[in-house]
Structure formats: structure tokens, C-alpha cells
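Right, one structure below, let's go through it.
Along the sequence shown, residues carry numbers from 1. Here the structure is a predicted model, which means the values were calculated and not measured. Both backbone and side-chain heavy atoms feed into the values below; hydrogens, waters and symmetry mates do not.
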Amino acid sequence: MGYRRMKSAVTICLVPEARQGPFVFHDGLEAGCLAAAELGFDAVEVFPASAADLPLEQLRGLLVTHGLTLAAVGTGAGWVKHGLHLCHADPVIRGRAREFIAAIVDVAGLLGAPAIIGSMQGRSDATMPREMALDHLADALHELGRVAAAHGQALLYEPLNRYETNLFNRQVDAAEWLRLRGIRHVKLLCDLFHMNIEEPDLAAALVTCGDLVGHVHWADSNRQAVGFGHADIPPVVAALESIGYRGFLSAEVFPLPTPQDAARQSQASFRHHVARLAS
Ligand code: LER
Ligand code: MN
């Protein structure tokens, strides 16, 4: 570690079904790690098809070879590929969702990284009223947070915009709920794309969440690389600085106009807004 500043990361998706998703690199771990290192990123964030599909030793070797760290590992393939989520009305599916996530928490933990619960949180609906859904979510976060803590990691919970979940859309609502429920070992993943849709004031939300901010998805208003949209980034970086955030700014953005352009712009925007602040 030893960083006195926030760190840059870029996403690598290993799931063909998520090819249209907001991930920069889609051509495997080797090509993704090489490109990330060449552009000067500190880390990569990986979206695997499952824990079993994440080649632990190969990834460990690539990280060492390229001087990268692993920022986080996504669990969304459980939803995208298998239709699992934590608030499903069917207890068997909820159980399989937990097992799917727990296995990724373990493999990420072995690589020194946290796992992300984004789309795997699911949503409430006519078959699953909100209060019951939140009980299921709390129970899962308690249990999976303990699995993460056994690896010395936090579990990352990501509020999403209203078109992707109806559980929590704003960071402060999620933060208050985590505190109220006494859920430990869980931190917030603040995705600037979702926040641009939902937050009245991104900087104020980050400051209020304070030390619960555990990870940031570094994206512009249109989910392209920062600088390719119209988000007002300096107040966001100032807010993160003011709360002493030293985690990752991870480019989870569309590979537009090309993966290389998205990666290069993400790194350029990181240098422009963040790295130059560090002495
Ligand atoms: C995942 O990090 C995310 O932001 C969601 O929109 C699910 O793709
Ligand atoms: Mn995200």
C-alpha cells in the first residue's frame, strides 16, 4: 500500500453476455492487464462469470508481472448469466445468489480485494414487498460481510439508479440504513454515473457518507470516461479528498469510442483531477 492518494483502476469484463455493459476491456485478463499497465493504471477491476471462472493463479501472476493490484471483483454475472439475486421471492434462488457471491468474496479475498454487490441486490416487487426485501438484503450483507472480514476485506454495496433497483438509489439513504441495521464490514460503492442520475449534490452525499465510502466508479454523466460527458468533477474530487478517501477510482464505463480511447481518457482524467493533487 503506502499510497498517499487515491488510486486509478480500469475494468476488465470476462463475461460475453455482458459485452454491451459498462466495462472498458473485454478481451481477456492478459490483454486487459497489459493495456492497464501500459496506460499507467494502479489496478484492474475484474467482472468474472463466476468464482470458478476466475483463474486465481493466472491473475495473481499477471498482477505481479505488470505491477498492478486488484481493485475489486464484480458479482453481477450471477444476475446477468443465471438470474440470481438476493431479494428473489424464491428462497432457493436467494440461497444460490448468496453462495454465488460468497464464492467470489472468497476468491477476491485471496487476491487481497473486495467483492461488489451491485445488480445482485435485486429489487422489491409485488411478490417481495420492500420491507421484506430489505430484511433479506440486510441478512445477506451481514453474512457476506463476515465472509469478507475473514479476508480482512470490506464488502462493497452499490446503490444503483432507479432503472436498475428500487432498494437504494441514493448513497446517504443506504449509509443511514447500514448504520441503523448495524451492518458492519460493508462499505459503499459510489458509482458517479448512478449518482449523477439520483443525487441532488454528489459532493455533499460523499461528505455525508464519510468513511463508509469504500470504492468509486469513475464515470461521467453518460457512462463514458470522465471528460466525455458533462459531470462537474472537481467538487467530487474535493469531497473525496476532504473525507480522506484513499481507495480506487475505477473506470466502469462504456468502451467508447474504443476501449483504448476510454481507458486513455479515464487515466488522463484521473491524472488531471487527482494525481496532480498528490505531492
Ligand atoms: C455495476 O457496478 C453497476 O454499476 C450496475 O449498473 C450494474 O451493471
Ligand atoms: Mn458501478
Exercise answer: donor-acceptor pairs, residues 11-18 side-chain atoms, under 3.5 Å, sequence neighbours excluded:
| from | atom 1 | to | atom 2 | distance (Å) |
| --- | --- | --- | --- | --- |
| T11 | OG1 | V24 | N | 3.1 |
| T11 | OG1 | A251 | O | 2.7 |
| E17 | OE2 | K81 | NZ | 3.2 |

Requested in this report: Evaluate salt bridge (charged side-chain N to carboxylate O under 4.0 Å, His left out) for D42 paired with R271, printing each intermediate quantity in order.
Outcome: CA-CA 12 Å; D42 298 309; R271 291 215 167 112; over 6 Å; no
Please check if [X] and [Y] belong to a single hydrophobic cluster, counting links between Ile, Leu, Val, Met, Phe, Trp and Tyr side chain heavy atoms closer than 4.5 Å.
X    : Y    : value
Y157 : L155 : yes
I93  : M120 : yes
L59  : F248 : no
F25  : V80  : yes
L137 : L178 : yes

Salt bridge between [X] and [Y], side-chain N to carboxylate O under 4.0 Å?
X    : Y    : result
R96  : D90  : no
E57  : R60  : yes
E252 : R223 : yes
R181 : D135 : yes

Query raised in the report: If you round to the nearest 0.5 Å, how far is CE of M132 from CG of L134?
Result: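 Here the interatomic distance stands at 11.0 Å.
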Query raised in the report: Got a second to check how far F228's CZ is from S266's OG, nearest 0.5 Å?
Result: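 Going from CZ on F228 over to OG on S266, the span is 8.0 Å.
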Minimal non-hydrogen separation, [X] against [Y], with atom names:
X    : Y    : answer
A203 : A239 : O-CB, 3.6 Å
G109 : Q153 : CA-CG, 4.4 Å
L70  : A113 : O-CB, 3.5 Å
F100 : T75  : CE2-O, 3.4 Å

Report task. Kindly write out the residues that satisfy salt bridge (Lys or Arg N to Asp or Glu O under 4.0 Å) with E99, not counting sequence neighbours, or none if the list is empty. Result ->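 Residues passing salt bridge (Lys or Arg N to Asp or Glu O under 4.0 Å) with E99: none at all.
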Query raised in the report: When the ring planes of H273 and W218 are compared, do they come out parallel, tilted or perpendicular, using 30° and 60° as the limits?
Result: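 It falls in the perpendicular class, over 60°.
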Report task. Can you label the angle between the F168 ring and the W177 ring as parallel, tilted or perpendicular, going by 30° and 60°? Result ->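 If you compare the ring of F168 with that of W177, the planes turn out tilted.
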Report task. Count the heavy atoms of every other residue, nucleotide or ligand shown that sit under 6.0 Å from CD of E30, and state whether that count exceeds 12. Result ->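 Counting other residues, nucleotides and ligands, CD of E30 stays at 12 neighbours or fewer.
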**Report entry** Side chain D220, main chain A231, donor-acceptor under 3.5 Å
**Finding:**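 Yes, the answer is positive, given that a donor and an acceptor are paired below the 3.5 Å cut-off.
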Query raised in the report: When you measure from the side chain of K187 to the backbone N and O of D211, does any donor-acceptor pair fall under 3.5 Å?
Result: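 Present.
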Can you confirm whether [X] sits close enough to [Y] that some side-chain heavy atom of one is under 4.5 Å from a side-chain heavy atom of the other?
X    : Y    : value
V236 : L240 : yes
E45  : I116 : yes
L86  : D139 : no
V172 : C209 : yes
L68  : C33  : yes
F193 : N161 : yes
S250 : H215 : yes
V226 : Q265 : no

Query raised in the report: When I117 is tested against each of L141, L156, V105 for side-chain contact (heavy atoms from CB on, under 4.5 Å), which residue passes?
Result: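 Of the listed residues L141, L156, V105, the side-chain contact (heavy atoms from CB on, under 4.5 Å) partner of I117 is L141.
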Report task. Let me know which of H85, R123, R94 forms a side-chain contact (heavy atoms from CB on, under 4.5 Å) with M128. Result ->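 Of the listed residues H85, R123, R94, the side-chain contact (heavy atoms from CB on, under 4.5 Å) partner of M128 is R94.
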**Report entry** Passing option when E158 is tested against Q121, Q171, H217 for side chain to side chain donor-acceptor pair (under 3.5 Å)
**Finding:**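 Only one option passes, and that is H217.
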Query raised in the report: In chain order, what residues pass the ring pair (Phe, Tyr, Trp, His ring centres under 6.0 Å) check against F23, with sequence neighbours excluded?
Result: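 By the ring pair (Phe, Tyr, Trp, His ring centres under 6.0 Å) rule, F23 matches F47.
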